[in-house]
Amino acid sequence: MNLFAEIKSVVIEKLEALTAAGTLPAGLSFANVTVEPPRDALHGDLATNAAMVLAKPAKMKPRDIAEALAALLTDDARVTSADVAGPGFLNLRIDPAVFQDMLADILAKGNDFGRSDMGAGRKVNVEYVSANPTGPLHVGHTRGAVFGDALSSLLDFAGYNVTREYYINDGGAQVDVLARSAYERYREACGHAPEIKEGLYPGDYLKPVGEALKAKYGDSLIDRPESDWLADIRLFATEAMMDIVRSDLASLGVKMDVFFSEKALYGTGKIEAAIASLDAKGLIYSGTLAPPKGKLPEDWEAREQTLFRSTEHGDDVDRPVQKSDGSWTYFAPDIAYHYDKIERGFDELIDVFGADHGGYVKRMKAAVSALSDGKVPLDIKLCQLVRLFKDGEPFKMSKRANNFILLSDVVEQVGPDVTRFVMLTRKNDAPLDFDFKKALEQSKDNPVFYVQYAHARVCSVLKKAGNPTDATLQQADFSLLTTPAEMALLKKLAEWSRLVELAAKHHEPHRVAFYLFDLASEFHALQHLGKVDPGLRFNLDGNPALSAARQGMIRAVAVVISAGLGILGVTPANEMR
RNA sequence: GGCCCCGUAGCUCAGCUGGAUAGAGCAGCUGACUUCUAAUCAGCAGGCCACAGGUUCGAAUCCUGUCGGGGUCACCA
C-alpha cells in the first residue's frame with residue numbers, strides 16, 4: 001500500500017471531474033501535482049500542491065481551485081478533512097482507520113510489505129565494482145561494492161528485474177603487468193631473487209600465485225623468453241586474482257549474477273560489430289584531435305586516429321577508439337561491452353564508478369545513447385572517495401608504501417554489517433569519513449547500532465509477551481491505537497512504500513538508511529513513554545486487547561526495519577550484546 | 001585553463017528533482033532509570049543554506065557568474 005500514491009490518484013480523479021464539470025479548463029497537465037507528507041504534522045497527514053501548480057495554466061486563483069477540489073476530496077471515505085492553507089496548499093486529514101488497518105497488512109505481508117511494482121519488471125543492469133583483476137579489493141572498492149549491491153536490492157524491491165554485473169578488465173596492459181609480477185614471484189618460489197621493478201605489482205598476495213605456478217610448471221619456465229609464458233601466466237594469475245576478488249565480495253555479502261570478461265570481446269568480432277554499428281550511423285571517422293584546452297602536454301603531437309563522434313551525443317570532444325597503430329583503445333571494448341548489454345535486452349543501464357572515473361561519464365553515455373538510438377538510459381553513479389580515520393587521525397594510503405587498507409581488513413575489523421551501513425549513510429556523491437573507532441562504538445553516535453537496537457528491543461518486548469505469532473497479532477483490534485505518539489509511528493510506517501519508490505527512482509539507497517534511523521527514533525521515543533507512564537507500555541497487565549494491538553504495532557516496526565536492513569544487506573539483530 | 005562533484009548549526013551530515021516557520025546526530029547546557037535492556041528519551045541553545053544576480057505565486061533546491069575544496073584532462077586501463 002502506498003497511501004500517497006493512492007490519494008494522489010484520487011486527487012487526479014477529482015481534478016478530472018472538475019475539468020469535466022467545466023470548473024477547470026480542459027487540457028491541463030497534472031504532471032506536476034504531488035501528494036506529500038507535510039513538513040509540519042500540525043498541517044495534517046498529507047498535502048497537495050495541485051491548486052498552486054494549476055493556478056497559472058488555468059488562469060484561476062489558487063484558493064478557488066483548492067476550495068473546489070477540497071469539496072470533492074472529502075467524498076472519499078479515507079479523507080476526513082481538506083483545508084486550504086498558506087498560498088494554496090490543500091491539507092488533508094486521513095481517517096486513522098487507514099493507518100490502523102495498515103498494521104494487519106504489514107503483519108500479513110512480512111518483509112514483502114512495501115514492495116512496489118513501480119519497475120514493472122523492467123530489466124535493469126547494474127554494473128559495479130569492476131576492479132582490475134590485479135589484486136585484492138581495497139577500501140576504495142568497498143563503497144562502490146556496497147552501494148551497487150544495495151541499489152540492486154532496492155531496485156529489485158521496487159519491482160525491477162535486476163542483473164548484478166562485474167566487468168573484468170582482463171584484456172588490457174595491466175594484466176600483462178600482473179603476469180610479469182607473478183612471474184617474478186614464480187622465480188622467487190623457484191629459489192631465484194625476484195626483480196620487482198618499478199611499475200610491477202609488489203604485493204605479497206602474489207607469492208602464493210608464484211608457489212602455485214611452481215607447483216604447476218616446476219622450473220620449466222625459468223630463463224625462458226616472455227613470449228613463452230606470458231599468455232599462460234596471465235590467465236593463471238588473473239583467475240587467481242578473481243578468486244580473491246570473489247572471496248572479498250563474499251565476505252561483504254556482495255553477490256554478482258554475471259562476471260563479464262573484457263577478454264571475451266577480443267577476437268570474437270564483438271568490438272568490430274559495436275564499432276560497425278556506430279559506423280553505420282555515421283559516427284566513426286578518421287581524424288586528428290585538437291590538443292586539450294588549457295594546459296598542453298609537453299610531448300603532444302598530432303595523430304591520425306579512428307574517432308567516435310561522441311559530440312553528437314553530448315560529449316565535449318570526440319574520442320579515439322583506435323590507436324594510431326590500429327589497435328583498439330580501452331574505450332573500444334567498453335563500447336562493445338555496453339553494446340552487449342543493450343543487445344541482451346536491458347531497458348536501463350546503471351554503472352557505478354569511482355569518482356576518479358568522472359571523466360568517462362559523458363563518453364560512456366554518448367556511446368550508449370548512440371548504440372541504442374537514445375532508447376536505453378544509462379545512469380552513472382559516481383562514488384566519492386573514502387577517507388579513513390584511525391583514532392581520529394586521517395590515515396593515508398600510498399601505493400609506494402604498500403600500506404593500502406584492504407576490503408578484507410575493514411570487514412575483519414568491523415564486520416560486514418557495520419561496514420555496509422556506514423558506507424550507506426552518505427550520499428554516493430559526497431565524500432565519506434570512515435572511522436574505525438566510531439564504527440565499532442555501540443552508541444547513538446553510530447546509526448547502525450541505533451537501528452539494530454530498536455529491532456532488538458522489539459524482539460525483547462515480544463519475547464516477554466510470549467512471542468505471539470504474526471498470524472495472532474493480525475487479529476488485534478488496532479483501532480485501540482490512538483495516542484499521538486502511536487499515530488506518529490503509524491504514519492512513519494505508512495511512508496515506507498513511498499520511500500522505497502522515491503529511493504529507487506533516484507537510485508539513492510542512502511535514503512533507506514536515513515528512513516530506518518527516523519523510524520527507529522520514533523520507536524525509541526514511544527518505548528520511553530512507557531517508562532514515564534506505565535499505562536503507555538506495550539505489554540499491559542489486565543488489558544490483553546490493547547497489549548495485542550501494541551505488540552502488533554511494534555512487530556510491524558520490526559518487520560519494516562528488517563525489510564529495510566535487508567535492502568541494505570545488513571542483518572537485523574534479535575538481541576544486543 | 002576545460003569538464004565533473006561538493007560548499008547547509010562549532011563538527012559530521014539529511015533536506016523527499018520548486019513548497020509552508022530549513023531538520024537530525026555529535027559536542028555544550030537542563031532534566032528523566034529499583035527499566036517491556038538508559039546502548040534510551042524530553043527540553044534549551046545554536047543558521048546571511050559560500051557570495052552576487054536571474055527565472056516565478058514561492059528557491060537551500062533550477063539558470064548565469066564569482067570565490068573556496070576535491071576529482072579528472074590526447075594512443076594508460
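Protein chains get the first letters and strands the later ones, always in sequence-line order, with residue 1 at the start of each.
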Nearest of B/G19, B/C41, B/U37 to any side-chain atom of A/H524?
B/C41
Could you measure between the two P atoms, the one in B/A24 and the one in B/G46, and give it in whole Å?
14 Å
Looking at A/D351 and A/K381, does any basic side-chain N land under 4.0 Å from a carboxylate oxygen?
no
B/G15 to B/C6 separation - P atoms, rounded to the nearest Å:
11 Å
Salt bridge A/R93-A/D45, side-chain N to carboxylate O under 4.0 Å
no
Does the side-chain ring of A/H528 sit on the six-membered ring of the B/A42 base, less than 5.5 Å centre to centre and under 30° in tilt?
no
When you measure from the side chain of A/E522 to the backbone of A/L519, do you find a donor-acceptor pair of N or O atoms at a distance under 3.5 Å?
no
Sticking with atom C1', work out how far B/G19 lies from B/C5, rounded to a whole angstrom.
27 Å
Using the C1' atom in both, what is the distance from B/G28 to B/U34, to the nearest Å?
31 Å
Which part of the nucleic acid does A/A55 contact within heavy-atom distance under 4.0 Å: base, sugar-phosphate only, or nothing?
nothing
Would you tell me if any nitrogen or oxygen in the side chain of A/K463 comes within less than 4.0 Å of OP1 or OP2 on B/U37?
no
Integer angstrom distance from the P of B/U8 to that of B/U21:
23 Å
As a test of reading the structure: which of B/U37, B/C3, B/C5 is closest to the side chain of A/D316, going by heavy atoms?
B/C3
Say you pick atom P in B/A14 and the same atom in B/U55; how far apart are they, in whole Å?
31 Å
Rounding to a whole Å, what distance do you find between A/H506:NE2 and B/U17:C1'?
5 Å
Proximity to the side chain of A/M52 - top-ranked nucleotide from B/C13, B/C16, B/C57:
B/C57
Among B/C5, B/C76, B/U17, which nucleotide sits nearest the side chain of A/Y330?
B/C76
Answer with base, sugar-phosphate or nothing: what part of the nucleic acid does A/E495 contact at a heavy-atom distance below 4.0 Å?
nothing
How long is the line joining CG of A/L529 and C1' of B/G43, in whole Å?
14 Å
Assess whether a salt bridge exists between A/K463 and A/E575, defined as any Lys/Arg side-chain N lying under 4.0 Å from an Asp/Glu carboxylate O.
no
A/D518 or A/S324, whichever maps to the more 5' nucleotide of RNA chain B
A/D518
Closest to the A/V53 side chain: B/G19, B/A39, B/A14?
B/G19
May I ask you to say what A/E575 touches in the nucleic acid, namely base, sugar-phosphate or nothing, with a heavy-atom cut-off under 4.0 Å?
base
Check the phosphate of B/A77 against A/Y337, side-chain N and O only, distance under 4.0 Å to OP1 or OP2. Yes or no?
no
Integer-rounded Å distance: B/A77 P and A/Y201 OH
11 Å
Has the side chain of A/S460 got a donor or acceptor atom that lies under 3.5 Å from a matching backbone atom of A/A456?
no
So does A/E495 pair up with A/R498, basic N to acidic O under 4.0 Å?
no
Would you say A/F89 stacks on B/A20, if stacking means ring centres under 5.5 Å apart and planes within less than 30 degrees?
yes
Is it true that atom CG of A/D541 has more than 12 heavy atoms of other residues, nucleotides or ligands lying nearer than 6.0 Å?
no
From C-beta outward on A/F517, which listed nucleotide comes closest to its side chain: B/A14, B/A74, B/A24?
B/A24
Applying a 4.0 Å non-hydrogen cut-off, can you work out what A/G172 is touching in the nucleic acid: base, sugar-phosphate, or nothing?
sugar-phosphate
Counterpart base for B/U17, defined by Watson-Crick or G-U wobble contacts under 3.5 Å
none
Identify which nucleotide among B/G15, B/C13, B/A20 has an atom closest to any side-chain atom of A/D433, counting heavy atoms from C-beta outward.
B/C13
Mind telling me whether A/F514 and A/H510 have parallel, tilted or perpendicular rings, with 30° and 60° as the class edges?
perpendicular
Indicate, with a heavy-atom threshold strictly under 4.0 Å, whether A/A47 touches base, sugar-phosphate, or nothing.
base
In whole Å, I'd like the distance from the NZ atom of A/K427 to the C1' atom of B/U61.
10 Å
If you assign A/K362 and A/T425 each to the RNA chain B nucleotide with the nearest heavy atom, which residue ends up on the more 5' nucleotide?
A/K362
Using a cut-off of 4.0 Å on non-hydrogen atoms, how would the nucleic acid contact of A/F514 be classed: base, sugar-phosphate, or nothing?
sugar-phosphate
Determine which nucleotide pairs with B/U56, using a 3.5 Å limit on both distances of a Watson-Crick or G-U wobble pair.
none
Please state whether the rings of A/Y337 and A/F260 are parallel, tilted or perpendicular, taking 30° and 60° as the class boundaries.
tilted
Taken to the nearest whole Å, NZ/A/K61 to C1'/B/C57 is 13 Å
Pair partner, B/C11 [Watson-Crick or wobble, under 3.5 Å]
B/G25
Using a 4.0 Å heavy-atom cut-off across all strands, classify A/A456 as base, sugar-phosphate, or nothing.
base
Return the value, rounded to whole Å, for the distance between atom CZ of A/F434 and atom P of B/C13.
14 Å
For A/Y285, does the six-membered ring have the charged nitrogen or CZ of A/R309 within the cation-pi criterion, i.e. under 6.0 angstrom from the centroid and within 45° of the normal?
yes
Distance check: side-chain N/O of A/K323 vs OP1/OP2 of B/A77, anything under 4.0 Å?
yes
Look at the side-chain N and O atoms of A/H510 and state whether any lies under 4.0 Å from the OP1 or OP2 oxygen of B/G15.
yes
Look at all strands and tell whether A/R426 reaches a base, only sugar-phosphate, or nothing, counting heavy atoms closer than 4.0 Å.
sugar-phosphate
Using a 4.0 Å cut-off on heavy atoms, which residues in residues 541-555 of chain A reach RNA chain B? List them by number, or say none.
none
Between B/A52 and B/C16, how far apart are the two P atoms, rounded to whole Å?
23 Å
One pair to check against side chain to side chain contact (heavy atoms under 4.5 Å, CB included): A/Y201 and A/Q174. What are the steps and the verdict?
CA-CA 10 Å; A/Y201 301 119; A/Q174 75 282 0; 3.6 Å; yes
Parallel, tilted or perpendicular: rings of A/F353 and A/H357 (30°, 60°):
tilted
Quickly work out the A/L385 CG to B/G69 P distance and round it to whole Å.
17 Å
Give me the distance, rounded to whole Å, that separates B/U12 from B/G7 when you measure between the C1' atoms they each carry.
14 Å
Which nucleotide, B/G15, B/C76, B/U12, lies nearest any side-chain atom of A/A173?
B/C76
What contact category does A/N49 fall into here, base, sugar-phosphate, or nothing, at under 4.0 angstrom with non-hydrogen atoms?
base
Take the protein atom OH of A/Y450 and the nucleotide atom P of B/U37, then report the distance between them rounded to whole Å.
17 Å
Testing B/A77, B/U37, B/C4 for proximity to the side chain of A/Y360, the answer is B/A77
Looking only at N and O atoms, is any donor in the side chain of A/N91 or the base of B/A20 less than 3.5 Å from an acceptor on the other one?
yes
For A/P431, report the nucleic acid contact type (base, sugar-phosphate, nothing); a contact means any heavy atom under 4.0 Å.
sugar-phosphate
Closest to the A/Y453 side chain: B/A20, B/U72, B/A39?
B/A39
Given B/C16, is OP1 or OP2 found less than 4.0 Å from the side-chain N or O atoms of A/R511?
no
